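First the structure, in the form of structure tokens, and then the observations on it.
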Amino acid sequence: MPIPRKFYERDTVIVAKELIGKKIIRVDNKTTFSGIITETEAYRASDDPASHAFNKITKRNHGMFDVVGKSYVYFTYGMYNCLNVVARSKKFEAGAVLIRGVHPIDGVKKMEENRKTDKFSNLTNGPGKLTQAFNITVKDYGIDMTKKSKLYITTGISPRKINSKSRIGITKAIDKKWNFSINPKDYF
DNA sequence: GGGCCGATATTCT
DNA sequence: GAATATCGGCCCG
């Protein structure tokens with residue numbers, strides 16, 4: 001069952017943590033991809049200098065201000081797409097959770113094709129990689145992930161232990177431990 | 001295993 | 001012009 005919109009209507013940091021272990025499902029043409037979410041990061045708004053939504057609303061980041069539970073995809077470093085889910089409590093005007101890593105379940109063969117590698121551990125262990133493997137681009141901006149569609153999230157497993165670290169690849173607000181992850185041995 | 005580098009869209013200064 | 005929510009290829013050991 002897809003996760004209801006209410007789940008995303010809470011503090012972005014809490015949603016980021018609780019998305020760990022959930023299952024993400026992607027239907028692309030005839031192929032179904034799925035995977036367990038293993039790493040996320042929370043990005044908030046005016047209290048978070050590292051967030052795209054820290055300044056003004058722009059053409060790229062307007063999705064972070066949209067209805068919670070929708071997808072927010074952006075193009076970065078001139079080559080890579082990154083996938084986020086819009087999530088925030090009523091207190092904030094914007095917010096999203098960056099999906100940084102997943103553990104592949106279904107469609108592995110097609111992922112290897114998309115990624116041009118047969119190394120299982122290198123398929124979806126990074127934000128730019130998983131969008132390549134799942135064939136997610138800016139065309140998938142604004143999809144409602146609370147309903148069965150081309151892209152949605154369902155219940156998954158219950159992780160034993162969730163790590164909390166500083167976010168990766170940023171220089172601002174590194175004191176905020178808003179990166180969440182699990183190790184393979186803690187999947188069950 | 002780790003460190004540097006180039007690719008290059010969008011935003012900000 | 002510079003920075004960025006990245007990655008793969010290269011080098012080195």
Side-chain angles (χ1 to χ4, degrees), chain A residues 8 11-20 22 24 26 33 35 37-66 68-88 92-104 110-143 145 151 153 162-184:
Chain A
Y8 303 97
D11 191 305
T12 311
V13 178
I14 296 175
V15 176
K17 187 170 181 180
E18 295 196 4
L19 273 176
I20 296 286
K22 298 289 186 289
I24 182 161
R26 156 67 163 173
F33 301 107
I37 298 173
T38 56
E39 190 178 353
T40 63
E41 273 175 16
Y43 285 91
R44 239 145 59 173
S46 49
D47 67 328
D48 182 8
S51 171
H52 285 165
F54 178 63
N55 290 309
K56 271 261 183 298
I57 183 164
T58 65
K59 195 176 179 186
R60 177 169 69 160
N61 73 15
H62 74 271
M64 290 181 75
F65 297 80
D66 203 350
V68 298
K70 285 196 174 193
S71 62
Y72 164 48
V73 183
Y74 67 90
F75 197 58
T76 193
Y77 292 104
M79 315 179 119
Y80 295 103
N81 295 288
C82 290
L83 173 65
N84 299 247
V85 195
V86 181
R88 60 167 132 44
F92 294 95
E93 62 272 29
V97 176
L98 171 67
I99 313 289
R100 284 192 60 85
V102 304
H103 180 89
K110 188 78 181 172
M111 288 185 205
E112 289 173 349
E113 216 177 291
N114 291 343
R115 293 269 304 117
K116 300 187 187 0
T117 177
D118 58 356
K119 279 196 191 143
F120 183 82
S121 61
N122 198 28
L123 289 176
T124 55
N125 62 333
K129 298 181 191 179
L130 75 90
T131 53
Q132 246 179 46
F134 280 58
N135 193 24
I136 293 169
T137 67
V138 287
K139 279 184 287 187
D140 301 296
Y141 199 108
I143 294 177
M145 297 176 79
L151 186 63
I153 297 175
I162 298 176
N163 305 311
S164 168
K165 305 177 190 169
S166 293
R167 289 171 291 179
I168 313 265
I170 58 168
T171 51
K172 297 168 193 160
I174 51 175
D175 57 311
K176 290 177 165 53
K177 302 281 195 294
W178 289 354
N179 170 287
F180 302 100
S181 62
I182 44 174
N183 301 322

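FYI, side chains are in, hydrogens and waters are out, and symmetry mates aren't considered; it's all heavy atoms of this structure. Here the structure is a predicted model, which means the values were calculated and not measured.
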> Touch check for Y80(A), heavy atoms < 4.0 angstrom, all strands: base, sugar-phosphate only, or nothing?
Replying inline: base
>> Please report the distance separating the C1' of dG8(C) from the corresponding atom of dT10(B), rounded so that it comes out in whole Å.
In response: 22 Å
>> Using side chain to side chain contact (heavy atoms under 4.5 Å, CB included), reason through V97(A) and N84(A) one step at a time and then give a plain yes or no.
In response: CA-CA 5 Å; V97(A) 176; N84(A) 299 247; 6.0 Å; no
> Are Y72(A) and Y141(A) close enough that their ring centres sit under 6.0 Å apart?
Replying inline: yes
>> Under the criterion side chain to side chain contact (heavy atoms under 4.5 Å, CB included), I'd like the reasoning laid out for N81(A) against D140(A): C-alpha separation, chi angles, the key distance, then a yes or no.
In response: CA-CA 10 Å; N81(A) 295 288; D140(A) 301 296; over 6 Å; no
>> Heavy atoms only, 4.0 Å cut-off, all strands: where does N84(A) land among base, sugar-phosphate and nothing?
In response: base
> For I170(A), which contact category applies under a 4.0 Å heavy-atom criterion: base, sugar-phosphate, or nothing?
Replying inline: sugar-phosphate
>> Tell me if the NZ atom of K177(A) is crowded by more than 12 foreign heavy atoms within 6.0 Å.
In response: yes
>> For a side chain to side chain contact (heavy atoms under 4.5 Å, CB included) check, start with the C-alpha distance between E18(A) and F180(A), then their side-chain angles and the critical distance, and finish with the verdict.
In response: CA-CA 9 Å; E18(A) 295 196 4; F180(A) 302 100; over 6 Å; no
> Earliest and latest nucleotide of DNA chain C, 5' to 3', sitting under 4.0 Å from a non-hydrogen atom of chain A?
Replying inline: dT4(C) to dG8(C)
>> Which is more 5' along DNA chain C, the nucleotide nearest A96(A) or the one nearest Q132(A)? Just name the residue.
In response: A96(A)
> Now, which nucleotide makes the Watson-Crick or G-U wobble pair with dT8(B), with each of the two distances under 3.5 Å?
Replying inline: none
>> Partner lookup for dA5(C), please. Criteria are Watson-Crick or G-U wobble with both distances under 3.5 angstrom; report none if nothing qualifies.
In response: none
> How close or far is atom P of dT10(B) from atom OH of Y77(A), stated in whole angstroms?
Replying inline: 15 Å
> To the nearest angstrom, how far is K172(A) atom NZ from dT13(B) atom C1'?
Replying inline: 11 Å
> Contact class for R167(A) (heavy atom, under 4.0 Å): base, sugar-phosphate, or nothing?
Replying inline: nothing
> How many angstroms lie between atom OH of Y74(A) and atom CG of L98(A), to the nearest 0.5 angstrom?
Replying inline: 5.0 Å
> Between M64(A) (CE) and dT10(B) (P), how many Å, whole number?
Replying inline: 18 Å
> How about I57(A): does its CD1 atom have over 12 heavy atoms from other parts shown lying under 6.0 Å from it?
Replying inline: yes
